[in-house]
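In what follows, chains carry the letters A, B, and so on, assigned in the order in which the sequence lines appear, proteins first and then strands, with residues in each chain numbered from 1.
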Protein chains: 2
Amino acid sequence: MSQTDTVHRILDAAEVLFAERGFTETSLRTITSTAGVNLAAVNYHFGSKKELIQAVFERFLTPFTEILNRELTRRGAASEPLQLDDLLQSLYRVALAGLASQGRDPKRFMRLLGLAYTQSQGHLRRFIVSRYGDSYRRFAGQLAAALPHVDPVTFYWRLYFMLGATVFSLSSFDAIEAILREDFGAESSLEETLARLAPAAVAMLTAPMPGVGSGQVPGASAPRGSTGDNR
Amino acid sequence: MSQTDTVHRILDAAEVLFAERGFTETSLRTITSTAGVNLAAVNYHFGSKKELIQAVFERFLTPFTEILNRELTRRGAASEPLQLDDLLQSLYRVALAGLASQGRDPKRFMRLLGLAYTQSQGHLRRFIVSRYGDSYRRFAGQLAAALPHVDPVTFYWRLYFMLGATVFSLSSFDAIEAILREDFGAESSLEETLARLAPAAVAMLTAPMPGVGSGQVPGASAPRGSTGDNR
DNA sequence: CAACAATTAAAACGCTCGTTTTACCCGGAG
DNA sequence: CTCCGGGTAAAACGAGCGTTTTAATTGTTG
């Protein structure tokens with residue numbers, strides 16, 4: 001009861017339905033009837049559908065970036081020997097487990113993130129960039145600092161490759177998992193998949209440089225105290 | 001004029017608009033007015049909006065898979081020493097250049113492919129799988145054969161990582177390129193990006209295995225007569 | 001030229017959408 | 001008790017959607 005209840009019910013229903021069908025394909029009527037509240041409640045509490053979409057993302061992204069920032073700070077202070085593989089995997093795990101511990105499904109989060117990229121909702125992109133752009137840049141900067149021998153342009157392209165691999169595969173996790181289970185009878189947990197994804201991402205970030213003869217300096221791509229030699 | 005003209009004008013307009021805004025966000029009225037044809041022409045020539053969407057993809061995917069199949073056959077017959085990096089990059093280049101030579105913008109194609117994955121158009125997914133599933137499986141099989149030491153489940157996850165990196169980054173090519181140009185003043189062509197993407201994908205496919213101690217056998221990931229030693 | 005089928009044009013239909021309006025409920029302050 | 005304001009409920013609004021129907025216009029063929 002009370003205000004909070006209606007707001008939460010709407011957010012919960014919207015989160016699930018958006019992740020399943022996308023934004024434009026999910027009507028406010030479907031959301032409110034799923035949530036068991038009146039149609040007008042969305043406009044009353046959130047103002048508009050756009051603002052509801054943003055609220056759904058805010059509920060995911062705010063704790064996510066907080067956890068991420070905390071972890072980055074912790075690692076920065078410890079100044080441990082850079083182990084890119086371990087760094088990435090623990091980031092994945094900490095951030096997603098943090099979400100899960102607050103009752104937010106990490107797979108659904110990734111699915112929504114994938115939608116945010118591809119469903120050209122201009123307002124959503126602007127909202128996310130303005131609100132969480134700093135966290136993103138901090139993460140990217142820290143990663144770049146761990147790869148000093150990769151030139152900036154190559155690094156950023158690889159960062160996008162990595163984001164693509166992550167968002168794409170995790171946002172379709174259930175579908176991919178179902179296929180693999182049918183074909184090989186092997187079940188994959190999200191944790192397992194992250195354990196596969198992290199070394200793959202590292203390998204991509206530290207791959208030998210493209211272009212004519214200018215391969216990177218041998219040994220430079222594997223940071224001292226190296227993670228995996230991606231031979 | 002004549003039938004073909006109207007059909008082509010509709011396809012051209014739909015292709016551009018779908019790539020820009022997505023499927024549900026693009027109305028038939030926008031398409032037909034952009035194409036300069038009557039609204040009813042879509043239903044007359046294509047039957048429905050769904051079938052128009054499929055027709056747009058067919059015009060891309062049929063030549064694309066034909067070129068891909070031809071290239072796979074050629075390489076299979078030549079039985080050259082497996083050079084994964086070279087294989088992938090030439091596949092990328094041949095397939096996309098082949099499209100370009102037929103007047104179909106490769107970037108737009110990638111953008112549409114990205115949309116097909118994320119905009120849950122059930123009919124479209126079914127259409128693509130039933131029509132082009134064989135080509136996809138052939139490509140995946142050939143790639144898997146080149147990586148005998150990677151267990152099947154890991155291979156397929158990495159294949160999805162690779163597809164994610166490819167589709168995601170190429171479908172947002174213009175946006176990413178604009179950012180990098182602003183930040184570093186460096187222009188990136190599609191060709192250049194493919195030259196960056198191929199080695200990154202290979203590094204991901206051949207990365208050391210996850211899990212406890214069971215890294216792959218050293219040297220095994222780099223096929224004999226190897227491409228670049230991705231040290 | 002006449003007749004016919006294919007195509008285009010214009011208008012309307014029925015439906016769903018996001019949003020707004022209006023009325024109603026109900027708990028706490030004066 | 002009265003009043004009042006935050007919240008809910010129900011209904012309606014106007015716009016846009018995909019599709020269909022009905023007419024007009026072509027172009028081709030006998």
Query raised in the report: Considering only C:dT20, D:dT19, D:dG18, which nucleotide approaches the side chain of B:S48 most closely?
Result: D:dT19

Report task. For the side chain of B:R29, starting at C-beta, report the closest nucleotide among C:dA11, C:dT19, D:dC17. Result -> D:dC17

Query raised in the report: Across the strands shown, which category fits B:T32 at heavy-atom distances under 4.0 angstrom: base, sugar-phosphate, nothing?
Result: nothing

Query raised in the report: For B:S27 and D:dG16, is the shortest distance between a side-chain N/O and OP1 or OP2 below 4.0 Å?
Result: no

Report summary line: From the list A:R9, A:R59, A:K107, salt bridge (charged side-chain N to carboxylate O under 4.0 Å, His left out) with A:E15 holds only for A:R59

Query raised in the report: What integer distance in Å separates B:F46:CZ from C:dT8:P?
Result: 11 Å

Report task. Describe the nucleic acid contact of A:T30 in one word from base, sugar-phosphate, nothing, applying a heavy-atom distance below 4.0 Å. Result -> nothing

Query raised in the report: Without hydrogens or angle criteria, can the side chains of A:S188 and B:W157 be said to hold a donor-acceptor pair below 3.5 Å?
Result: yes

Query raised in the report: For B:K50 and D:dG18, what is the distance between atoms NZ and P respectively, to the nearest whole Å?
Result: 13 Å

Query raised in the report: If you measure from the Lys or Arg side-chain nitrogens to the Asp or Glu carboxylate oxygens, is any gap between A:E66 and A:R70 under 4.0 Å?
Result: no

Requested in this report: For B:Y136 and B:T65, test the side chains for any donor-to-acceptor distance below 3.5 angstrom and give the result as yes or no.
Outcome: no

Query raised in the report: Side chain of A:H45: nearest nucleotide among C:dT19, C:dA10, D:dT8?
Result: D:dT8

Requested in this report: Report which part of the nucleic acid B:A40 touches: base, sugar-phosphate, or nothing (heavy-atom distance under 4.0 Å, all strands).
Outcome: base

Query - Residue A:N38, side-chain heavy atoms: nucleotide from C:dG18, C:dA6, D:dA9 that is nearest - result: D:dA9

Report summary line: When rounded to whole Å, the CZ to C1' distance for the pair A:R9 and D:dG7 reads 15 Å

